[in-house]
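Report on the following structure.
In what follows, every heavy atom counts, from backbone to side chain, and hydrogens, waters and symmetry copies are set aside.
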Amino acid sequence: MKLSYSIFWLVLASLPLFLVLPALLRHDIMFWPALAIACGVTVVVYLSLIWVLGRFNVRL
């Protein structure tokens, strides 16, 4: 149960990667810089999610 619970939260945090990367590629940004930006956004979202969940005493 704990594994399923953690996967749920972390999958939510990874969704921006799949939204930001195609958007950047559509705006004619080359693949590698677009991937780096999308990964950076994903890292920020992961860290933010972990911080917010910690404030609500949710441990992953």
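- Of all heavy-atom pairs between Arg59 and Lys2, the closest is O-NZ, 2.9 Å.
- Both Phe8 and Val52 are assigned to one and the same hydrophobic cluster, defined by single-linkage of ILVMFWY side chains at heavy-atom distances under 4.5 Å.
- We find the CG-OG1 distance between Leu47 and Thr42 to be 11.0 Å, quoted to the nearest 0.5 Å.
- In the hydrophobic clustering of ILVMFWY residues, with side-chain heavy atoms under 4.5 Å counting as a link, Phe56 and Leu49 come out together.
- A continuous path of Ile, Leu, Val, Met, Phe, Trp and Tyr side chains, each step under 4.5 Å between heavy atoms, connects Tyr5 with Leu53, placing both in one hydrophobic cluster.
- For Leu10, the side-chain contact (heavy atoms from CB on, under 4.5 Å) criterion is met by Tyr46, Leu60, not counting sequence neighbours.
- Looking at Ile37, Val41, Leu19 one by one, the single match for side chain to side chain contact (heavy atoms under 4.5 Å, CB included) with Leu24 turns out to be Ile37.
- Although no hydrogens or angles enter the test, the distance criterion places a donor-acceptor pair under 3.5 Å between the side chain of Ser14 and the main chain of Val11.
- In terms of heavy atoms, Leu17 sits closest to Cys39 at CD1-N, 4.0 Å.
- Here Leu25 pairs with Leu21, Phe31, Ala34 under the side-chain contact (heavy atoms from CB on, under 4.5 Å) rule; sequence neighbours left out.
- For Arg26, the side-chain contact (heavy atoms from CB on, under 4.5 Å) partners at least two apart in sequence or on another chain are Pro22, Ala23.
- Under a hydrophobic-cluster definition in which Ile, Leu, Val, Met, Phe, Trp and Tyr are linked whenever side-chain heavy atoms come within less than 4.5 Å, directly or via other members, Leu3 and Ile50 are assigned to different clusters.
- Taken together through direct or relayed side-chain contacts under 4.5 Å among Ile, Leu, Val, Met, Phe, Trp and Tyr, Val20 and Leu15 form parts of separate hydrophobic clusters.
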